[in-house]
Amino acid sequence: MLDARFVRENLDAVKQAMASRGCEWDFDAFSRLDEERRELIGQIEALQARRNEASKQIGELMKSGQRDEAETRKAEVREVNEGISAIDAHLAQVDEDVCRLLLTIPNIPDASVPVGADESENVEVRRWGTPREFAFEPKAHWDLGPELGVIDFEAGVKLAKSRFVVLGKHGARLNRALINFMLDTHAERGYTEWSVPALANAETLTGTGQLPKFEDDLFKTSEGLYLIPTAEVQLTNLHRDDMLEAADLPLYYCAYTPCFREEAGAAGRDTRGMIRVHQFDKVEMVKFATPETSYAELEGMVVDAGNIMELLGLPYRVITLCTGDMGFSAAKTYDLEVWLPSYGAYKEISSCSDCTDFQARRASIKYRGGEFKGSRFVHTLNGSGLAVGRCLVAVLENYQQADGSVIVPEVLRPYMGGLEVITADS
RNA sequence: GGAGAGUUGGCCGAGUUGGUUGAAGGCGCUCGCCUGCUAAGCGAGUAAGGGGCUAAACGCUCCUUCGAGGGUUCGAAUCCCUCACUCUCCGCCA
């Protein structure tokens with residue numbers, strides 16, 4: 001969420017920022033409501049000051065036995081109170097409208113973010129590794145997986161519905177190996193591991209920005225809880241309403257969780273395979289940093305995500321999302337894309353964002369003890385490290401051999417009981 | 001699920017015959033003094049959010065907030081109701 005005063009005082013800059021995102025926002029309504037709100041607050045507070053003054057006098061009159069005079073003042077206050085409640089009802093409505101507007105305006109892109117309309121205008125930053133030249137026709141994971149018995153698409157549909165998958169045999173173990181490998185690797189780099197609920201309440205999801213605007217993307221339970229779309233939600237909200245110490249920053253957190261997404265607007269996209277499914281595993285990284293260091297921390301997070309693919313020997317590239325392609329809460333986002341032979345292209349496997357104080361303001365996450373008076377909002381960052389399902393797909397496709405078997409990357413073998421090759425009958 | 005106790009500022013903790021208590025005291029923190037160093041000591045300051053005044057900073061002023069919401073009252077941390085959460089005991093259970 002943006003600060004109402006900031007929007008008011010930087011109206012043109014905010015308008016420009018929203019235009020660069022291709023985001024429609026009712027600035028006129030905001031200005032109107034914001035002004036009305038302040039006007040009403042002024043009126044109410046003037047009346048409240050009168051009431052407080054009179055009440056104090058009534059107390060004194062009662063003590064000194066001037067009952068009649070006290071009764072007169074009481075009648076006066078009753079009248080003042082009627083005025084207050086009338087205005088108050090109006091203010092409550094205006095407040096709600098202002099709040100609703102502020103909760104639906106996205107973060108302002110950082111100045112370094114390329115301006116662009118959509119993903120075609122994202123900017124490549126760097127590449128690591130070289131896509132392998134196959135001496136045979138490589139298979140896509142939607143063929144390879146079932147043939148090896150590691151992915152079962154039909155079973156997923158039977159147990160739940162389309163866009164759910166079942167991992168079997170070495171697939172299940174490879175999945176678990178990836179999770180453990182990622183968590184262990186991040187731990188070595190200073191990330192504290194957490195295990196968090198897979199369900200979250202509305203307040204939590206409002207804190208990170210999924211609600212109220214993107215409720216359609218979430219699975220919801222009958223009692224009002226939501227299945228988390230990412231562990232970012234939980235890790236970031238761990239410190240909701242907290243006051244952190246500057247000396248403790250930055251904080252590095254990570255967690256493995258399943259993630260659940262309705263994919264409401266994704267009909268027809270990535271329909272084959274397990275690239276886009278309703279439930280997938282992900283290891284997530286979250287940082288809490290000061291405004292001074294947050295962009296440097298973002299660079300570091302991208303390195304930490306890329307490190308996983310480098311250790312796995314998976315070719316990838318890093319791109320900077322342009323203004324039109326960035327997520328709601330982010331001020332700057334790097335996507336990491338892994339090479340997938342089935343797509344003949346790089347495909348998103350991680351998204352690392354600096355949300356600046358956007359989430360911290362919603363969730364009230366502050367810190368103190370720095371070179372400033374009082375407290376300030378922290379900057380929150382999050383990034384996948386990595387999406388496990390897509391990583392499993394990348395391993396299968398990139399490490400496949402002509403006979404249909406798949407070599408297990410060396411770093412994963414300790415997690416696979418020393419297994420070196422996945423074959424259909426192993 | 002049943003019964004009881006609790007929820008106060010960065011933290012701990014007073015405050016329930018309603019009225020200068022936004023809140024004693026302590027800890028922590030900041031500044032100053034003192035002090036070979038450190039520790040201790042002395043003095044002052046120290047909640048947040050919002051409105052207004054000011055070109056702005058400083059500052060001044062007003063309002064709100066004692067788990068959340070509602071009620072009683074001229075006035076509520078203090079009385080009443082509802083809800084949430086925490087703790088203890090019982091029940092149930094992986």
Side-chain angles (χ1 to χ4, degrees), chain A residues 1-11 13 30-103 195 197-207 221 223-226 234 237-249 251 288 290 357 360-378:
Chain A
M1 159 162 82
L2 301 180
D3 183 27
R5 192 184 314 172
F6 178 85
V7 177
R8 179 193 314 145
E9 292 172 358
N10 300 276
L11 206 56
F30 171 78
S31 295
R32 198 173 60 243
L33 289 165
D34 180 59
E35 195 174 333
E36 188 175 3
R37 175 176 164 276
R38 286 183 292 150
E39 168 65 26
L40 293 172
I41 286 172
Q43 291 175 14
I44 284 183
E45 291 189 349
L47 290 174
Q48 284 172 329
R50 270 179 62 188
R51 178 180 67 189
N52 291 342
E53 181 58 31
S55 291
K56 201 179 286 184
Q57 287 171 5
I58 289 168
E60 285 160 9
L61 289 169
M62 296 292 273
K63 265 181 201 161
S64 62
Q66 294 170 262
R67 288 287 169 83
D68 292 348
E69 182 61 18
E71 287 303 324
T72 311
R73 306 306 302 264
K74 282 189 188 182
E76 272 175 44
V77 176
R78 269 190 281 264
E79 216 168 291
V80 168
N81 275 339
E82 278 173 31
I84 290 177
S85 46
I87 301 171
D88 206 37
H90 189 188
L91 177 63
Q93 183 59 50
V94 172
D95 251 340
E96 194 185 314
D97 292 345
V98 169
C99 191
R100 182 174 43 75
L101 276 171
L102 285 174
L103 282 174
S195 179
L199 278 79
N201 58 38
E203 198 179 351
T204 296
L205 287 153
T206 303
T221 71
E223 62 174 82
L225 289 169
Y226 299 83
Q234 305 294 41
N237 277 282
L238 275 177
H239 287 304
R240 189 170 77 233
D241 298 325
D242 276 358
M243 180 70 71
L244 305 173
E245 297 293 336
D248 296 334
L249 300 177
L251 293 171
F288 299 85
T290 65
D357 61 1
R361 184 173 291 106
R362 288 173 160 248
S364 184
I365 308 171
K366 300 178 180 180
Y367 77 106
R368 63 199 174 102
E371 302 285 314
F372 52 87
K373 260 200 326 189
S375 58
R376 295 199 302 190
F377 290 115
V378 300

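Here is the naming used below: chain letters follow the sequence lines, and residue numbers restart at 1 for every chain.
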[atom1]-based separation of [M] from [N] [nearest Å]:
N	M	atom1	value
B:G45	B:C62	C1'	23 Å
B:G15	B:U7	P	11 Å
B:U8	B:A68	P	10 Å
B:U20	B:A76	C1'	16 Å
B:U82	B:G4	P	13 Å
B:U54	B:U64	C1'	23 Å
B:C58	B:G22	P	27 Å
B:G91	B:A48	C1'	43 Å

First of A:Ala54 and A:Ser375 reached from the 5' end of RNA chain B, by closest nucleotide: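 On the 5' side of the pair lies A:Ser375.
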Heavy-atom donor-acceptor pair, A:Arg361 side chain to A:Met1 backbone, under 3.5 Å: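 Present.
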From CZ (A:Arg50) to CD (A:Glu76), nearest 0.5 Å: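 The distance works out to 7.5 Å.
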[N], OP1 or OP2 - any side-chain N/O from [X] closer than 4.0 Å?
X	N	answer
A:Arg51	B:C74	no
A:Asn81	B:U73	no
A:Lys366	B:G49	yes

Distance, rounded to the nearest Å, where [X] contributes [atom1] and [N] contributes [atom2]:
X	N	atom1	atom2	result
A:Glu39	B:C62	CD	P	20 Å
A:Arg50	B:G75	CZ	C1'	16 Å
A:Asn52	B:U61	CG	P	16 Å
A:Glu76	B:C74	CD	C1'	10 Å

Base B:G10 to side chain A:Glu245, donor-acceptor N/O within 3.5 Å cut-off: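 Absent.
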Sugar-phosphate only, base, or nothing, as touched by A:Arg5 at under 4.0 Å among non-hydrogen atoms: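 It contacts sugar-phosphate atoms only.
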